[in-house]
2 protein chains.
Amino acid sequence: MEQAAERLGYVPNRVARNLREQRSRVVGVMVPDIDNAFYPMLLADIHQELVAAGYAVALIVDPHHRRADVSRLRNLFDASLDGLIISTATLDSDTPAVLHRRGIPIVLSVRTIPGLDVDIVESDNVAAGQEAARHLLGLGHEDIAAIMGPEITSTTRDRLIGAKEIAGDRISPERVFHGHYTHESGHAHCRRLLLGDRPPTAIIAANDVIAIGALDAARQLGYSIPGDISIIGFDDIPMASWHSFRLTTVRQDTQAIAIQSARRLIERIEDPTCPISHDKYPISLTMRSTTGPPR
Amino acid sequence: MEQAAERLGYVPNRVARNLREQRSRVVGVMVPDIDNAFYPMLLADIHQELVAAGYAVALIVDPHHRRADVSRLRNLFDASLDGLIISTATLDSDTPAVLHRRGIPIVLSVRTIPGLDVDIVESDNVAAGQEAARHLLGLGHEDIAAIMGPEITSTTRDRLIGAKEIAGDRISPERVFHGHYTHESGHAHCRRLLLGDRPPTAIIAANDVIAIGALDAARQLGYSIPGDISIIGFDDIPMASWHSFRLTTVRQDTQAIAIQSARRLIERIEDPTCPISHDKYPISLTMRSTTGPPR
DNA sequence: CTGTTAGCGCGTTCAG
DNA sequence: CTGAACGCGCTAACAG
């Protein structure tokens with residue numbers, strides 16, 4: 001029978017099955033920016049995990065970081081998506097709350113929003129900031145600048161909180177800059193910093209992409225690294241280990257976060273009553289060649 | 001009326017509509033590898049174009065470059081996908097032919113397969129190879145190596161054909177290497193090349209990621225670039241312009257290819273009888289700092 | 001244990 | 001011009 005079906009080229013119609021079963025076995029994955037090497041990495045592992053569990057992945061790129069854009073999501077939430085992994089959350093975005101209130105299974109991945117009763121999978125970013133500052137202080141740095149991402153992202157906020165806890169006023173408030181999570185932003189802020197008077201001896205960048213931008217700017221101005229200036233990033237994307245960079249960075253276990261985000265969402269979909277979890281993964285320092293004692 | 005619907009939180013059920021209308025307004029996009037910066041770039045623009053046209057994007061990552069894996073695709077082809085953009089085609093893969101025979105709208109993007117009656121959107125890769133060789137010959141190079149991708153990809157084949165057409169035996173057959181499209185492959189092959197006797201004076205890499213891997217290996221061995229060795233890539237991914245690299249490369253108009261791939265697929269879906277097109281976009285040389293005259 | 005049927009929520013069609 | 005009924009293809013429930 002099944003062989004006959006096979007021969008006739010029969011394929012069960014998924015759409016009909018979806019209608020009947022009231023689910024689609026498709027989940028959405030929202031990323032802020034697909035050109036930033038971190039997210040493809042995250043996406044690849046989330047994708048693999050979801051596909052292995054029999055779910056398809058609908059990609060949702062939110063390039064403008066606009067909040068509350070439920071209207072576009074609604075198109076996808078007319079029962080055609082079983083759930084959503086959100087890695088675009090900002091502290092002021094209400095989209096996750098709206099979706100959650102509607103009973104749509106969501107998981108906040110990488111970035112978090114405080115006070116929301118949903119599953120969260122992230123790194124211990126406060127500890128990450130502490131680790132970065134501890135490393136620079138241990139090397140003897142006393143004048144540290146920070147080139148961060150948008151203030152409204154939890155990663156920037158938590159990493160900065162952690163760094164300040166340890167470094168105190170060795171990171172002076174006027175040496176903290178906020179911009180996008182891009183090479184260009186790291187490049188521009190570092191350049192301005194080094195062309196001003198009294199450049200810092202070390203820079204904490206909110207992620208590796210910014211750090212590499214800063215590294216490029218410093219080299220372009222003839223600075224030697226880490227001799228003239230130390231630079232530390234976060235994430236440990238593959239590029240950080242390339243010989244041209246050899247970037248010291250606070251590693252987060254992106255793969256574990258990706259896999260866990262996928263699993264949590266599947267759990268939530270298959271049992272909406274299961275208890276809410278907040279997974280916070282440990283971080284670790286990866287020392288390479290962009291940090292050293294100040295002159 | 002509509003306001004009332006709005007208030008009651010009514011959302012039309014897409015799945016039911018899909019069943020009725022016999023289409024899903026979801027399009028699949030297959031990429032070989034999401035960690036290679038080129039594909040996120042392509043994906044971002046394809047995504048934007050499709051979303052603007054009212055289609056959702058289902059991401060399909062084919063990490064193992066396995067051919068003929070229709071079984072996994074069948075899951076997606078039970079009417080839950082309206083069409084597919086394939087950027088993973090290899091010369092020996094029969095998946096596209098199978099899908100095409102089943103009447104499923106597909107577009108081959110970036111890579112091509114000869115002799116298949118489907119819409120194709122690619123660069124003029126033969127011209128790209130010619131341009132690279134012409135540039136190196138113009139600088140006076142007479143001993144050129146090539147670090148390419150898999151032989152079964154049309155991009156590697158065409159770029160190599162073009163380069164050989166111009167360079168002739170200045171690219172000797174034993175100096176042509178095939179590997180993956182990765183930083184690691186570029187790094188390993190370049191390293192072996194430079195540690196052997198009689199290293200070449202120039203390297204053509206099949207894409208920018210390989211080229212940057214080669215660049216890293218050369219620097220690691222103390223080579224100065226372009227003084228000791230010239231390196232040229234293909235694609236012009238954003239990273240190629242970063243100060244640490246300043247890579248000379250043959251640019252392809254990835255954005256145009258992405259947008260056109262999306263549009264062609266939509267056309268094909270909405271009018272299956274429209275004539276088959278083969279778009280071949282022009283390329284251009286982007287000269288930066290990794291090529292120069294040989295010693 | 002096998003075969004039949006109802007209905008998922010839409011859009012379309014056909015009757016009023 | 002408005003409203004009821006049908007059917008897309010499947011699965012679950014139910015009858016034989």
Side-chain angles (χ1 to χ4, degrees), chain A residues 1-28 50-58 60 70-84 98-99 101-106 265-273, chain B residues 1-28 50-58 60 70-84 98-99 101-106 265-273:
Chain A
M1 222 289 271
E2 284 176 14
Q3 287 165 17
E6 182 73 18
R7 297 203 151 207
L8 293 167
Y10 169 79
V11 181
N13 183 313
R14 237 246 202 115
V15 178
R17 190 217 278 214
N18 290 344
L19 180 59
R20 183 65 245 255
E21 295 189 343
Q22 305 282 47
R23 66 178 176 152
S24 63
R25 285 202 168 274
V26 179
V27 308
L50 288 172
V51 167
Y55 288 82
V57 174
I60 305 170
V70 188
S71 58
R72 279 190 315 151
L73 282 178
R74 191 171 37 183
N75 287 331
L76 293 164
F77 268 82
D78 41 23
S80 54
L81 248 46
D82 287 351
L84 189 64
V98 170
L99 297 175
R101 230 174 293 129
R102 287 209 183 194
I104 291 159
I106 63 174
L265 182 62
I266 293 169
E267 269 180 47
R268 171 84 29 225
I269 289 169
E270 295 180 354
D271 175 14
T273 66
Chain B
M1 224 287 271
E2 284 176 13
Q3 287 166 17
E6 182 73 20
R7 297 205 149 204
L8 292 167
Y10 169 78
V11 180
N13 184 314
R14 245 259 196 100
V15 179
R17 194 217 283 212
N18 290 344
L19 180 59
R20 182 66 247 264
E21 296 188 345
Q22 304 284 51
R23 65 177 176 154
S24 64
R25 285 200 167 275
V26 179
V27 164
L50 287 172
V51 167
Y55 287 81
V57 173
I60 306 169
V70 188
S71 60
R72 278 189 316 147
L73 281 179
R74 191 170 39 182
N75 288 330
L76 293 164
F77 270 81
D78 42 23
S80 55
L81 248 45
D82 287 350
L84 188 64
V98 170
L99 297 176
R101 231 176 291 130
R102 287 210 184 192
I104 291 158
I106 63 173
L265 183 62
I266 293 170
E267 269 179 47
R268 173 81 33 224
I269 290 169
E270 296 180 354
D271 175 15
T273 66

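A, B, ... follow the sequence lines: proteins, then strands. Residue 1 opens every chain.
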Item checked: Contact state string [nucleotides 7-13 of chain D, B base, S sugar-phosphate only, - no protein heavy atom under 4.0 Å] -> BBBBBS-
Note to self: Using five base pairs at each end to define the local axes, how bent is the helix from dC1(C)-dG16(D) to dG16(C)-dC1(D), to the nearest 10°?
What the structure shows: 60°
Notebook entry, point to check: Is there a side-chain contact between Ile266(A) and Leu50(A), using heavy atoms and a 4.5 Å cut-off?
Noted result: yes
Next item on the list: Return the set of residues passing salt bridge (Lys or Arg N to Asp or Glu O under 4.0 Å) with Glu267(B) (not counting sequence neighbours), or none when no residue passes.
Entry: Arg264(B)
Check: Does some side-chain heavy atom of Val15(B) sit less than 4.5 Å from a side-chain heavy atom of Arg14(A)?
Finding: no
Checklist line | Close side-chain approach of Ile106(B) and Ile104(B), heavy atoms under 4.5 Å | finding: yes
Next item on the list: Taking heavy atoms of chain A and a 4.0 Å limit, find me the 5'-most and 3'-most nucleotide of DNA chain C within that range.
Entry: dG7(C) to dG9(C)
Item checked: Worked check of side-chain contact (heavy atoms from CB on, under 4.5 Å) between Val27(B) and Leu81(B) -> CA-CA 5 Å; Val27(B) 164; Leu81(B) 248 45; over 6 Å; no
Checklist line | Partners meeting side chain to side chain donor-acceptor pair (under 3.5 Å) with Arg17(B) (sequence neighbours left out) | finding: none
Checklist line | Side chains of Asp82(B) and Ser24(B), donor plus acceptor under 3.5 Å | finding: yes
Note to self: Contact between Asp78(B) and Asn13(A) at the side-chain level, heavy atoms closer than 4.5 Å - yes or no?
What the structure shows: no
Next item on the list: Could you pull out all residues at least two apart from Arg25(B) that satisfy salt bridge (Lys or Arg N to Asp or Glu O under 4.0 Å)?
Entry: none
Check: When rounded to the nearest 0.5 angstrom, what is the spacing between OH in Tyr55(A) and CG in Leu265(A)?
Finding: 7.5 Å
